[in-house]
> 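One structure coming up, written as C-alpha cells, with questions to follow.
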Amino acid sequence: MIKVGITGGIGSGKTMVCKMFELLGISVYYSDEESKKLLDADGKVKEQIIKTFGNAILNEAGNIDRKKLSETVFGDKEKLTLLNGIVHPAVAKHFEEWVKMHSFDKYILKEAAILFESGANRLVDKVITVTAPVSLKIQRAMQRDNITEEQVVSRMKNQWSDEEKIKQSQFVIFNNEDQLLIPQVLKIHELLIANK
Ligand code: ATP
C-alpha cells in the first residue's frame, strides 16, 4: 500500500481535490480534522495541553476551547512549537493506526496543509501538491471563511510557498481557472494504482 501526502496552501483546493479521490474509492485521512478531534479524545494530549497552557484554554464544560488555544499560540513561535510538540506526535501515531486498517488498499491519502512544515512528509511515500495562483487562493479563502485579505495573508505567512512544496513533490495538481481538475486527478490515480 502506498501512503500519499496531499498538501497545498490555504485556499489551494486540496480538500476539494481529496473529495474527488474519495469518489474514486480512495480513503483520505484529514490531518487537521483528526488533530482537532484528538485534543479532547486523547486524554494524554489534553492533559499535556492543560499543563502547558493552563486552565484558561478550557471552556465551561472543561473541554479545550480551540479558539482560545489558537489565539494563545497565534503569532507566538515558542508557544506554537510547544503545542506542535504535543499534537504532531499524537496525530502521527493515530495516522499509523488508521493506516493499519487500510493495509489492503492500493493507496491512501493523508491531507495536511502543513505536511512539510510539520515533518509529516516523512510519514508518506509520495506527495501531491495542489497549487493555485496566490490571488485566487486569497479570493477563495476569503469567500469560504468570510475573512479579510489581511487575515488570509497572515495565515499564508506561516506556510511554505507552493514552489518550495512542489520541489519536493512527485505530483502537482494545478487548480487554476485554465486547467480542469478531474483529468489531473484521474491521471495521478491511474499512476498510483499502477504503482508508478
Ligand atoms: P485550507 O487549507 O484553507 O482548508 P484547501 O486547500 O483545503 O484550504 P478548499 O477548502 O478545498 O481549500 O478550497 C477553498 C475554497 O475554494 C472552497 O470554498 C472551495 O469550494 C473553493 N474552490 C477550490 N477549488 C475551486 C475551483 N477549482 N473552482 C471553484 N471553487 C474552488
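One-based numbering, in listed order, for ligands and for the atoms of each.
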> Any salt bridge between Glu71 and Lys67, counting N to O under 4.0 Å?
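A salt bridge links Glu71 with Lys67.
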> Can you check whether Met16 has an N/O within less than 3.5 Å of an N/O in ligand 1?
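Yes; the residue has a nitrogen or oxygen that sits under 3.5 Å from a nitrogen or oxygen of the ligand.
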> Just need the protein heavy atom nearest to atom 13 (O) of ligand 1, so name the residue and atom and give the distance.
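Minimum-distance protein heavy atom for atom 13 (O) of ligand 1 reads Gly13 CA, 3.6 Å.
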> Among all the protein's non-hydrogen atoms, which is closest to atom 7 (O) of ligand 1, and how far away is it?
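Answer for atom 7 (O) of ligand 1: Thr15 OG1, 2.5 Å.
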> Quick test: of every protein heavy atom, which one is nearest to atom 5 (P) of ligand 1, and how far off is it to 0.1 Å?
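Residue, atom and distance for the closest contact: Lys14 NZ, 3.4 Å.
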> So, Tyr29 versus His94, ring centres under 6.0 angstrom or not?
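Close enough - the centres of the two rings lie under 6.0 Å apart.
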> Can you tell me if Ser12 contacts ligand 1 (heavy atom of the residue under 4.0 Å from the ligand)?
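The answer is yes, since Ser12 has a heavy atom less than 4.0 Å from ligand 1.
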> Among protein heavy atoms, which lies nearest atom 15 (C) of ligand 1, and at what distance?
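Of every protein heavy atom, Arg140 CB, 3.8 Å lies nearest to atom 15 (C) of ligand 1.
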> More than 12 non-hydrogen atoms from neighbouring residues, nucleotides or ligands closer than 6.0 Å to CD on Glu78, yes or no?
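Counting other residues, nucleotides and ligands, CD of Glu78 stays at 12 neighbours or fewer.
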> Is there a donor in the side chain of Lys110 and an acceptor in the side chain of Ser31, or the other way round, less than 3.5 Å apart?
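Checked: Lys110/Ser31 side chains pair up, N/O donor to acceptor below 3.5 Å.
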> I need the contact type for Asn175 against ligand 1. Using non-hydrogen atoms and a strict under-4.0 Å cut-off, is it side chain, backbone, both or neither?
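It is the side chain that gets close, since no backbone atom is under 4.0 Å.
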> Would you call Asp162-Lys137 a salt bridge at under 4.0 Å N-O?
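A salt bridge is present here (some side-chain N lies under 4.0 Å from a carboxylate O).
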> With the threshold set strictly below 4.0 angstrom, can you tell me whether any protein non-hydrogen atom sits that near atom 29 (C) of ligand 1?
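Given the 4.0 Å limit, the answer for atom 29 (C) of ligand 1 is no, no protein heavy atom qualifies.
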> Under the 4.5 Å side-chain heavy-atom rule for ILVMFWY, direct or indirect, which residues accompany Val153?
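Cluster partners of Val153: Ile10, Val134, Ile138, Met142, Ile147, Val152, Met156.
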> Tell me which protein heavy atom sits closest to atom 17 (C) of ligand 1, plus the residue, atom name and distance to 0.1 Å.
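That would be Arg144 CD, 3.9 Å.
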> Taking only residues two or more places apart in sequence, or in another chain, which ones meet Asp125 in a side chain to side chain contact (heavy atoms under 4.5 Å, CB included)?
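Checked Asp125 against side chain to side chain contact (heavy atoms under 4.5 Å, CB included); matches are Ile2, Lys3.
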> Under a 4.0 angstrom heavy-atom cut-off, which atoms of ligand 1 come close to Gly9?
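Under 4.0 Å from Gly9, ligand 1 has these atoms: 6 (O).
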> Going by heavy atoms, is Ala132 under 4.0 Å from ligand 1?
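Flag not set, Ala132 not near ligand 1.
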> Would Gln151 and Ser154 count as having a side-chain donor-acceptor pair, cut-off 3.5 Å?
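Short answer, no.
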> With nothing but distance in play, are any N or O atoms of Ile10 less than 3.5 Å from an N or O of ligand 1?
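There is no such contact.
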> Any nitrogen or oxygen of Leu181, main chain or side chain, under 3.5 Å from a nitrogen or oxygen of ligand 1?
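Between Leu181 and ligand 1, no N or O pair is found under 3.5 Å apart.
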> Among the heavy atoms of Gly11, does any lie under 4.0 Å from an atom of ligand 1?
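Yes; Gly11 lies near enough to ligand 1 that a heavy-atom distance drops under 4.0 Å.
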> Please indicate whether Ile182 has more than 12 foreign heavy atoms, meaning atoms of other residues, nucleotides or ligands, lying under 6.0 Å from its CD1.
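For Ile182, atom CD1 is not crowded (no more than 12 foreign heavy atoms under 6.0 Å).
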